[in-house]
There are 2 protein chains.
Amino acid sequence: MTVTVAAAERLIRIGEVARGAGVSVRAVRYYEQQGLLIAERSPSGQRLYRQDAIPLVRFFQQMFAAGLTSRRITELLPCWDAGHTDAEQRAMLRAERERIQAKIDDLQAALDHLDKVIAITDTHP
Amino acid sequence: MTVTVAAAERLIRIGEVARGAGVSVRAVRYYEQQGLLIAERSPSGQRLYRQDAIPLVRFFQQMFAAGLTSRRITELLPCWDAGHTDAEQRAMLRAERERIQAKIDDLQAALDHLDKVIAITDTHP
DNA sequence: CTTGCCTCTGACGCTAGCGTCAGGTTTTAG
DNA sequence: CTAAAACCTGACGCTAGCGTCAGAGGCAAG
């Protein structure tokens, strides 16, 4: 008979989070300052994170790349954490979705434009 | 018998350029400061533009949206103006192309991520 | 013990594309 | 002629996500 015990999760320090997610230590501190990432503290004051902080930071990077501000991300975090959403949050999700789609379209148009020029300059050196 | 005369192009002032391209007057001045857009000057010192300045400014906007800096755009302008390109410029064109494509891919991934969350929060209110 | 790496809290710096205000000239409409 | 609208040159401000430096404490290894 086996008994499963809730294993005390190994907490990691800020450097490990930063390396794991491919960002700077400064960036991780900044995320905390913006309310994106809450850390426990060791008795001596060092930040301690759960391991899922690493994918979370990666996720922040993805959203930043998509043009969301840290403020928007904090407002949308409950949609992930709890699965709980109100009408306002769903509207924000859709609005950001549309923004991103529009941005993709703009980028695609710019890409097409550049490709034309590349084609011309290649056949016409 | 009809004689075609090279019609003296009607020059426009900065306000018309700005309205035509959907940007601010300040932006147009900024482009000049960055070396993107050269303007003639009237005797009193006002900037005078040819009408193709409007599509040019639109193009700048498109490139800005694609993440190119004004510096890069100035370096690539000869590719449009003269059709003349050297190897370095062609390499820059390709590099920018790759950057934009990578950015599109990132945005698409973020969009897919958001769509998943939207689907969850919709079926699971 | 001390060497060396990691972490801490401020706090200022940076970039890029403008916004905006100040104070003055020019052009245009009536 | 005159008032409004448009234009000019500085020059400082703003945002957002960090970089970077300063000065000080924490922590495992030899």
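Just the heavy atoms: all of them, side chains too, but no hydrogens, waters or symmetry mates, feed the values below. Labels below follow one simple rule: chain letters A, B, ... track the order of the sequence lines, proteins then strands, and each chain is numbered from 1.
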With A:Leu11, the side chain to side chain contact (heavy atoms under 4.5 Å, CB included) member among A:Arg50, A:Glu16, A:Arg47: A:Arg50

Quick one: A:Phe60 CZ to D:dC18 C1', roughly how many Å, whole number? 15 Å

Relative to the 5' end of DNA chain C, which residue comes earlier, B:Arg13 or A:Ser44, by the nucleotide with the nearest heavy atom? A:Ser44

Taking only the side-chain heavy atoms of A:Arg29 (C-beta and beyond), determine which of C:dC18, D:dC18, C:dC8 contains the nearest atom. C:dC8

D:dA16 OP1/OP2 closer than 4.0 Å to side-chain N/O of A:Ser70: no

Kindly say if B:Arg41 contacts the phosphate of D:dT9, meaning a side-chain N or O under 4.0 Å from OP1 or OP2. yes

B:Arg71 has an atom CZ; how far is it from atom P of C:dG17, in whole Å? 12 Å

Nearest-Å distance, CD (B:Gln34) to C1' (C:dT15)? 12 Å

Please determine whether a side-chain nitrogen or oxygen atom of A:Tyr30 lies at a distance below 4.0 Å from atom OP1 or OP2 of D:dC18. no

Given D:dC8, C:dC18, C:dT9, the nucleotide with the shortest approach to the side chain of B:Gln46: D:dC8

Testing C:dG19, C:dT9, C:dC18 for proximity to the side chain of B:Gln61, the answer is C:dC18

Atom CD1 of A:Ile14 and atom C1' of D:dG26 are separated, to the nearest Å, by 15 Å

Got more than 12 heavy atoms from elsewhere within 6.0 Å of CZ, A:Arg71? no

Let me know the distance between OH of A:Tyr49 and P of C:dC6, rounded to the nearest Å. 16 Å

What is the distance, to the nearest angstrom, from the CZ atom on A:Arg19 to the C1' atom on C:dC6? 9 Å

If you compare every side-chain N and O of A:Ser42 against the phosphate oxygens of D:dG26 (OP1, OP2), does one of them come in below 4.0 Å? no

A:Arg72 side chain vs A:Gly67 backbone, donor-acceptor pair below 3.5 Å: no

Side chains of A:Thr85 and A:Arg90, donor plus acceptor under 3.5 Å: yes

Assign A:Leu68 to base, sugar-phosphate, or nothing according to its heavy-atom contacts below 4.0 angstrom with the strands shown. sugar-phosphate

Would you state whether a donor and an acceptor, one from the side chain of A:Arg26 and one from the base of D:dT20, lie under 3.5 Å apart? yes

Of C:dG17, C:dC18, C:dC8, the nucleotide closest to the side chain of B:Tyr31 is C:dC18

So which of B:Leu36, B:Val17, B:Leu37 actually passes side chain to side chain contact (heavy atoms under 4.5 Å, CB included) with B:Leu56? B:Leu37

May I have the distance from B:Glu16 (atom CD) to D:dC7 (atom P), rounded to whole angstrom? 9 Å

When the distance from CG of B:Leu48 to P of C:dT26 is rounded to whole Å, what number comes out? 14 Å

Side chain of B:Arg47 (C-beta onward), nearest among D:dT9, C:dT27, C:dT7: D:dT9

